[in-house]
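The structure appears below as structure tokens.
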Amino acid sequence: MRLSLAVQSVACLVLLGCDGTRQRECDFVAGDVIATAGPEGFSALVLDRSDEGLDAYFSSSEGLQRVQLQTTLDSDAPRVRSRLRLGAPCDSLSLARQDDTVFIACARRPTEAKDAPGTMHIYRVTNDSQSSVLLPWPIGRDHQGLALAMIDRQLELVFHDGRVGEWKVWHVAVCVDWDNASPCPADARLLSAASLLAGAPSLSEVDGERFVAWTESALSAGDSFVGSVFVSRSASDEHVGAPRRTAEVIYERSLPFVAAGAEHPVLLFRDSRRPHRRAHVFAQELREGSEAVRVGRSNDIRAARAFPCGDSLTVVTPRSYSRNDTLVGIHLLDEELEARVAE
């Protein structure tokens, strides 16, 4: 499997295209390859916009790596500015930035060869240094994901701990003594119901508020899935708020998250509601009386994403095209969450 600059140009437009002074800076050439992976592919990929261009953080069998990309129109400039291996491979990762410092949360599930729980690390990457710290919260083999965010200048982490019969979502305010490479004492708070099975969480800050979103379901017979989307909402300088059931879903990988809307925060989640056979992404304002609006198909294993761009809410939806191909749909929604143009 190859990670191509031609593919990354879509993400580059997503990251840079909303700034009118930079919207013409993406000029990747088809066939330029920045990384390769074996049959297992890439387990995680995160893109970050920096002052110099675009940085790709990804994990494969070769380890957790960063590749800094050149995104100017100068055809003589090298496409890859630098490469850096940060550590062992990650099963999931998330990124947060504070000024010129990048923090990366990396989770590694336990392996059958080792009788030990899975682990999570926090990496700190600056222009001239890198370091990492092992976090004190183990994870199980069914770990589904984590999310890291800088909220009110405090590094916060939500993570999924999946063990047999116990799938839970936790939140913690991360404190690290980087001089001694050790975590400060901190207590992780359980957000999901202990008696239900929680899905992968998301964490975001919108207009000074912290949002954590995830799904919960009960054990059910057969292949049917019936679950609920829960959202915890609180001011960014307060403790995490109590969760509230916001939507009902029948699609297991709903992967909900909250983005900024025109007047209210918008919850986005995936569901396979009738009459559609495949999963679609739905958008719903977080206010009393709001209803979910279908945006477009999004049945890939990866989550949809959304962000404000000009006077539109831009929703990016990975979806299947054929048995072996995946397309990326882009939807521009107006203040009423209606499509401005076709996908």
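Note that this is a predicted model, so its numbers are computed, not measured.
- Salt bridge status for Asp161 with Arg163: present, with a side-chain N to carboxylate O gap under 4.0 Å.
- Pairs engaging residues 280-296 under the salt bridge (Lys or Arg N to Asp or Glu O under 4.0 Å) rule: Arg244-Glu288, Glu285-Arg287 [sequence neighbours left out].
- Take Glu238 and apply the side chain to side chain donor-acceptor pair (under 3.5 Å) test, not counting sequence neighbours, and it matches no residue.
- Sorted by first and then second residue, the salt bridge (Lys or Arg N to Asp or Glu O under 4.0 Å) pairs involving residues 196-218 (not counting sequence neighbours) are Glu156-Arg210, Glu209-Arg233.
- The aromatic rings of Trp167 and His160 sit perpendicular to each other, their planes meeting at more than 60°, with 30° as the lower class boundary.
- Side-chain contact of Ser228 with Arg245: a donor-acceptor pair under 3.5 Å is present, judged by distance alone.
- Salt-bridge formation is detected for the pair Asp91/Arg109: a Lys NZ or Arg NE/NH1/NH2 atom is positioned less than 4.0 Å from an Asp or Glu carboxylate oxygen.
- Among residues two or more places apart in sequence or in another chain, the ring pair (Phe, Tyr, Trp, His ring centres under 6.0 Å) test is passed with His143 by none.
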Kindly list each side-chain donor-acceptor pair under 3.5 angstrom involving residues 253-261, sequence neighbours excluded, with atom names and distances?
| from | atom 1 | to | atom 2 | distance (Å) |
| --- | --- | --- | --- | --- |
| Arg253 | NE | Ile301 | O | 3.4 |
| Arg253 | NH2 | Ile301 | O | 2.8 |
| Ser254 | OG | Tyr251 | O | 2.8 |
| Ser254 | OG | Arg270 | O | 2.9 |

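- Taking a 6.0 Å sphere around CG of Asp177, one finds it holds more than 12 heavy atoms contributed by other residues, nucleotides or ligands.
- By the rule that hydrophobic residues join a cluster once side-chain heavy atoms approach within less than 4.5 Å of another member, Val249 and Phe282 end up as members of one cluster.
- By the neighbour-count criterion of 12 heavy atoms within 6.0 Å, atom CZ of Arg85 is densely surrounded, having more than that number from other residues, nucleotides or ligands.
- Here Ser129 pairs with Thr126 under the side chain to side chain donor-acceptor pair (under 3.5 Å) rule; sequence neighbours left out.
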